[in-house]
Amino acid sequence: MNAPAKTEDFAIKIPDGVYAETVLSVEHYTDHLFRFRMTRPAGFRFRSGEFAMIGLMVGDKPIYRAYSIASPAWDEELEFFSIKVPDGPLTSHLQAIKPGDTVLMRKKPTGTLVLDALTPGRRLYMFSTGTGIAPFASLIRDPETYEKFEEVILTHTCRDVAELKYGFDLVEEIRNHEFLNEIVGDKLKHYATVTREDYPFKGRITTLIENGKLFADLGVPTLDPDVDRGMICGSSAMLKDTKELLEKAGLNEGANNKPAEFVIERAFVG
Ligand SMILES: Cc1cc2nc3c(=O)[nH]c(=O)nc-3n(C[C@H](O)[C@H](O)[C@H](O)COP(=O)(O)OP(=O)(O)OC[C@H]3O[C@@H](n4cnc5c(N)ncnc54)[C@H](O)[C@@H]3O)c2cc1C
């Protein structure tokens, strides 16, 4: 495995249209998951929930992959929550980054998991599996989410309990945050479930929607297109199954140019 390059190693090779940013901190959660924070380029604008292409120089070539920006639009730094794919072209290197290393980022963020793509509603569901929580890590830390919705429900489903830690840390961070805690109040509900270990909340989110346990556990009515809005981020199979359930409940899929009751985005290709 090549060590990630430092800026001075390839300063003259950085392509046009790409930022070279400095890693500020790295936290490893499991053998498969970690998060890192890096400097935010002056003038880099994005909407909470969008993704960008980030990359590393590996040898003398840059390798880029799509990454949801996990920090909110107001944050001075950028945060990412990442998988570690054994032998993955990017993440086999990215998982070795340390503070001071350089990470590349293409200049144009994009994405459908943005508040603008939803019509007004009262309750916003964010359905995520695995690293699909990343865009919602951005949105649950954005005050605009709580201006637009009275209640925000973040669901996060993983195989094992250890994989839920990033989500629990996020909610804890909000609770301890000077101004966010006041804005969020009791509007945010975090519903974490696992599929492979014993845990009080167990099962796929689609099963828990279908059998009504999600709503019973949260003490909310079942899905209603008049008041409920949704965002979904997970594997292709999870997107398909969750989307079907929302459509069955009468919600329609929206997009940036056609806001509607829910939006989806794949957490990875595969
Ligand atoms: C819109 C979008 C946003 C994304 N945001 C993130 C993000 O915030 N965090 C993140 O870790 N990844 C994210 N990804 C996936 C990311 O682009 C890479 O696939 C991932 O970093 C692995 O890169 P790699 O080169 O090591 O392996 P790749 O060759 O890209 O992937 C190898 C295989 O690993 C599996 N895989 C890849 N990513 C994941 C994942 N996140 N969870 C589970 N299995 C996976 C897939 O089966 C894939 O075929 C996103 C993808 C898309 C399309």
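Atoms considered below: every heavy atom in the structure, side chains included; atoms not considered: hydrogens, waters and symmetry mates.
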Asp198 CG: over 12 foreign heavy atoms closer than 6.0 Å:
no
For the CZ atom on Arg196, are there more than 12 heavy atoms of other groups (residues, nucleotides or ligands in this structure) within a distance under 6.0 Å?
no
Distance flag, aromatic centroids of Phe80 and Phe36, threshold under 6.0 Å:
yes
Look at the rings of Phe81 and Tyr29 and say which category their plane angle falls in: under 30° parallel, 30 to 60° tilted, over 60° perpendicular.
perpendicular
4.5 Å side-chain heavy-atom contact, Arg266 and Leu239:
yes
OH of Tyr64 to CD1 of Ile54, rounded to nearest 0.5 Å, is 10.5 Å
With no hydrogens and no angle check, is any side-chain donor or acceptor of Tyr166 less than 3.5 Å from a backbone partner on Ala137?
no
Would you indicate whether the side-chain heavy atoms of Ser138 and Ile69 approach each other to under 4.5 Å?
no
List the residues meeting side-chain contact (heavy atoms from CB on, under 4.5 Å) with Thr222, not counting sequence neighbours, and say none if there are none.
Phe215
Working to the nearest 0.5 Å, report the span between CG of Leu245 and CG of Leu223.
8.5 Å
Pairing of Glu163 and Arg159 as salt bridge, 4.0 angstrom limit:
no
Phe51-Val18 co-clustered via ILVMFWY side chain contacts under 4.5 Å
no
Quick one: pull up CD1 in Ile174 and CG in Asn181 and give me the separation to the nearest 0.5 Å.
9.0 Å
Scanning both residues in full, the closest heavy-atom pair of Val85 with Thr91 reads N-OG1, 2.9 Å
May I have the step-by-step check of salt bridge (Lys or Arg N to Asp or Glu O under 4.0 Å) for Glu150 and Arg123, ending in yes or no?
CA-CA 6 Å; Glu150 290 170 21; Arg123 189 181 295 116; over 6 Å; no
Parallel, tilted or perpendicular: ring planes of Tyr125 versus Phe127, cut at 30 and 60 degrees:
parallel
Tell me the closest heavy-atom pair linking Cys233 and Leu113, and the distance in Å.
CB-CD1, 3.8 Å
Are Ile140 and Thr145 close enough that some pair of their side-chain heavy atoms sits under 4.5 Å apart?
no
Going by side-chain contact (heavy atoms from CB on, under 4.5 Å), name the residues that satisfy it together with Ala237, two or more places apart in sequence or in a different chain.
Ser235
Can you confirm if the aromatic rings of His190 and Phe168 lie within a centre distance of less than 6.0 Å?
yes
For residues Asn252 and Glu247, determine if any side-chain heavy atom of one lies less than 4.5 Å from a side-chain heavy atom of the other.
no
Residues Thr22 and Gly100: closest non-hydrogen pair is CG2-CA, 3.8 Å
For Glu151, is there an ion pair with Lys189 - N to carboxylate O distance below 4.0 angstrom?
yes
If I compare all heavy atoms of Met231 with all of Leu115, which pair ends up nearest, and what's the gap?
CE-N, 3.9 Å
So, do Arg47 and Asp116 sit near enough that their side-chain heavy atoms are less than 4.5 Å apart?
yes
Among residues at least two apart in sequence or on other chains, which ones pass side-chain contact (heavy atoms from CB on, under 4.5 Å) with Glu253?
Lys243, Phe262, Ile264
Side-chain donor/acceptor of Ser92 to backbone N/O of Gly88, under 3.5 Å:
yes
Identify the two heavy atoms, one from Pro135 and one from Ser68, that lie closest to each other, and give their separation to 0.1 Å.
CD-OG, 3.5 Å
Salt bridge (Lys or Arg N to Asp or Glu O under 4.0 Å) between Lys248 and Glu244: does it pass, once the steps are laid out?
CA-CA 6 Å; Lys248 208 169 135 196; Glu244 276 174 20; over 6 Å; no
I need the minimum non-hydrogen distance between Leu56 and Thr102, along with the two atoms involved.
CD2-O, 3.4 Å
May I ask you to decide whether Arg37 forms a salt bridge with Glu27, counting only side-chain N to carboxylate O separations under 4.0 Å?
no
Looking at side-chain heavy atoms only, is the closest gap between Thr119 and Arg229 below 4.5 Å?
yes
Could you tell me whether Phe44 and Tyr19 have their ring centroids closer than 6.0 angstrom?
yes
